Trainee: 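Structure provided below as structure tokens; questions to follow.
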Amino acid sequence: MNDQVIIFDTTLRDGEQALSASLTVKEKLQIAYALERLGVDVIEAGFPVSSPGDFESVQTIAKHIKDSRICALSRAVAKDIDVAAESLKVAEAFRIHTFISTSTIHVQDKLRRDYNDVVEMGVQAVKRARNYTDDVEFSCEDAGRTPIDNLCRMVEAAIDAGASTVNIPDTVGYTVPSEFGSIIEQLFNRVPNIDKAVISVHCHDDLGMSVANSIAAVQAGARQVEGTINGIGERAGNCSLEEIAMIIKTRSELMGVHTGLKHDEIHRTSRLVSQLCNMPIQDNKAIVGANAFSHSSGIHQDGVLKNKNTYEIMTPESIGLKNQALNLTSRSGRAAVKSHMDDMGYKEEEYNLDTLYDDFLKLADNKGQVFDYDLEALMHFANLRDEDAFYKLNYLSVQSGSVMATTSIKLQCGEEEHCEAAVGNGPVDALYQCIYRLTGYEIVLDKFDLTAKGEGEDGLGQADIIANYKGCKYHGTGLATDIVEASGQALLHVINSIHRADKVAEIKQSRKTTQTV
Ligand code: KIV
Ligand code: ZN
């Protein structure tokens, strides 16, 4: 049996569908670049029929990513499959992923169909997808709760119809490792054409078993694992791919398999996904948590000082965690900044060196030393920033202390600059009052987070907000050495997105009116 485990990443599909505010096309492309650098074999970029935005994201990713295969999801419905194929056709290599539920509860209560019809729908879906590509994946949704005879029948029929990968999801995270491993083993023993397809697994984490179940499946013969970075996904999330990667590497003798991942990209990819998805990583999370490699107890520290292997089963360097050496200063030139970006593996098309260098100089003037993590933060933020934004913060002054805070601002509103001042129960509150008054937008904040980027009290602060405006959720981010300014940028990020959407709607409406007249 082949000893390579294919890594199928669904951060941009299963992961993204669980976020409170959707990612923009630009953000999804940034994540796709990171996944490509990580060496992911297949990137599930979205569910194109679900919205024009999802279609555009899949198409954009398909256009730009060359080293990973791009996949799109479709129900076992002709239109979904045709739309998926349309979004993927610009890709160098692509896969269509189609699925239907197979568990009795889903078939009877959700689909309200007979199982024979379900098998036939699955077969027709695979055949339709095969008109577009030889690389077709078929998933039996809720396979973990599907009676084994029914599952064997569906898997055999899908392979006969031309599926080259058959995926066995534990959609509701219900199974335990011995049970899930045994499902895979039974498929290998009972499905006559099983050697014609790769068997894949896709486990959810409702009972905290997703990684253990996936590993049990690999031990039983599965050769594709689906999951997400940091385990983000529906409800309790998906199988964490960084955990799978490091289990397979660290226990390679026991596992007898390998992946094609570049493990030293794990840390960086994890931080990017956390940042863009606005999903903090718990400190004690395996592999990528802040404490994953830190030893607190005196006995452990003593042991590690004598021999690292006493308490360390893998090194921080193996996931790309480096000690941040003193880096750049305002005397460093563009070439030095570019060389640091090259060393970190960023391609020139991922950022604009002129913009990055300008931002770097401003930060270096403020902060003195600029580290690699600062450069990364500046790059990500510059990619989010909208140079044509209608509202821009030109000036900010804050007075705060143990009494009410006062903020005054100058805000660029298109061609004009307006001034405003307000008091609030803190500087952010006062600043937000100014912005609401000048823009006329009243936003409800669902979430407000401040995080330090990197180390030290002189570091960059990042503000993330989830804002609700007329029932739609928006994610706004701001980055500055001043956390009040970062908070203002986050709100303006949201207001500029709303303003742009309002303008587009106005133009559409006026076109309609002109046509009617
Ligand atoms: O969890 C699940 O069953 C899925 C399928 C669409 C593969 O996400
Ligand atoms: Zn899923």
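Predicted model only: the values in this text are computed from it and were never measured. Order of listing sets the numbers, starting from 1, for every ligand and every atom in it.
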Trainee: Could you check whether any heavy atom of R13 sits closer than 4.0 Å to an atom of ligand 1, since that is the contact criterion I want to use?
Mentor: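 True for this residue.
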
Trainee: Which atoms of ligand 1 sit under 4.0 Å from any heavy atom of E141?
Mentor: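 Counting atoms of ligand 1 from 1, those under 4.0 Å from E141 are 3 (O).
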
Trainee: Please determine if K347 and E350 form a salt bridge, counting it only when a charged side-chain N lies under 4.0 Å from a carboxylate O.
Mentor: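 Looking at K347 and E350, the cut-off is not met.
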
Trainee: Would you say ligand 1 has an N or O under 3.5 Å from any N or O of D142?
Mentor: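 No; the residue has no nitrogen or oxygen that sits under 3.5 Å from a nitrogen or oxygen of the ligand.
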
Trainee: Looking only at heavy atoms, is any part of D14 under 4.0 Å from ligand 1, and if so is it the side chain, the backbone, or both, or is it neither?
Mentor: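 For D14, the contact with ligand 1 is made by the side chain alone.
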
Trainee: At under 4.0 Å between heavy atoms, is it the side chain or the backbone of R75 that contacts ligand 1, or both, or neither?
Mentor: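 Looking at R75 and ligand 1, no heavy atom falls under 4.0 Å.
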
Trainee: Between K28 and I61, is the side-chain contact (heavy atoms from CB on, under 4.5 Å) condition met? List the steps.
Mentor: CA-CA 8 Å; K28 287 188 191 173; I61 291 168; 4.1 Å; yes

Trainee: Salt bridge or not between K66 and E36? Use side-chain N to carboxylate O under 4.0 Å.
Mentor: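 No.
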
Trainee: If the threshold is 4.0 Å, N to carboxylate O, is there a salt bridge linking E141 and K110?
Mentor: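 Result for this pair is yes, salt bridge flagged.
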
Trainee: Donor-acceptor pair, distance only, cut-off 3.5 Å: does the side chain of T24 make one with the backbone of E27?
Mentor: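 Answer holds: yes.
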
Trainee: Verify the distance criterion only: is there a donor paired with an acceptor across the side chains of Y174 and E179 at less than 3.5 Å?
Mentor: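 E179 and Y174 do not have a side-chain donor-acceptor pair below 3.5 Å.
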
Trainee: So, K196 and D160, do they make that salt bridge, N to O below 4.0 Å?
Mentor: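 Here K196 does not pair with D160 in a salt bridge, since their nearest N and O are not under 4.0 Å apart.
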
Trainee: Using a distance threshold of 2.8 Å, what protein N/O/S atoms lie below it relative to the Zn ion (ligand 2)?
Mentor: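 Atoms qualifying: D14 OD2, H202 NE2, H204 NE2.
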
Trainee: What verdict does the side-chain contact (heavy atoms from CB on, under 4.5 Å) test give for M209 and C203, after you've listed the backbone C-alpha separation in whole Å, the side-chain angles of each residue and the deciding distance to 0.1 Å?
Mentor: CA-CA 8 Å; M209 293 288 179; C203 298; over 6 Å; no

Trainee: Geometry only, no angles: is H97 polar-contacting ligand 1 at N/O separations under 3.5 Å?
Mentor: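 It does not: no N or O of H97 is found under 3.5 Å from an N or O of ligand 1.
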
Trainee: In chain order, what residues pass the side-chain contact (heavy atoms from CB on, under 4.5 Å) check against P316, with sequence neighbours excluded?
Mentor: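 For P316 the side-chain contact (heavy atoms from CB on, under 4.5 Å) partners, ignoring immediate neighbours, are F293, E312, L321.
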
Trainee: Heavy-atom distances under 4.0 Å decide this one: backbone, side chain, both or neither, for E226 against ligand 1?
Mentor: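 Answer for E226: neither.
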
Trainee: Could you tell me whether R268 sits above the aromatic face of Y346, with NZ or CZ closer than 6.0 angstrom to the six-membered ring centre and within 45 degrees of the axis?
Mentor: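 Yes - R268 lies over the ring of Y346, closer than 6.0 Å to its centre and within 45° of its axis.
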
Trainee: Which of parallel (below 30°), tilted (30 to 60°) and perpendicular (above 60°) describes H204 and H202?
Mentor: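 Judged by the thresholds at 30° and 60°, the geometry between H204 and H202 is tilted.
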
Trainee: With atoms numbered from 1 as shown, which atoms in ligand 1 lie under 4.0 angstrom from a non-hydrogen atom of H204?
Mentor: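 So the answer, numbered in order with elements, is 1 (O).
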
Trainee: Looking only at protein heavy atoms, identify the closest one to atom 4 (C) of ligand 1 and say how far it is in Å.
Mentor: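 For atom 4 (C) of ligand 1, the nearest protein heavy atom is H202 NE2, 3.5 Å.
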
Trainee: Below 4.0 angstrom from a heavy atom of T171, which ligand 1 atoms are there? Numbered from 1 as shown, please.
Mentor: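 Here the atoms of ligand 1 in question are 1 (O), 2 (C), 3 (O).
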
Trainee: Just going by heavy-atom distances, which of G233, S139, A143, C203 is nearest to atom 7 (C) of ligand 1?
Mentor: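 Looking at heavy atoms only, S139 sits closest to atom 7 (C) of ligand 1.
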
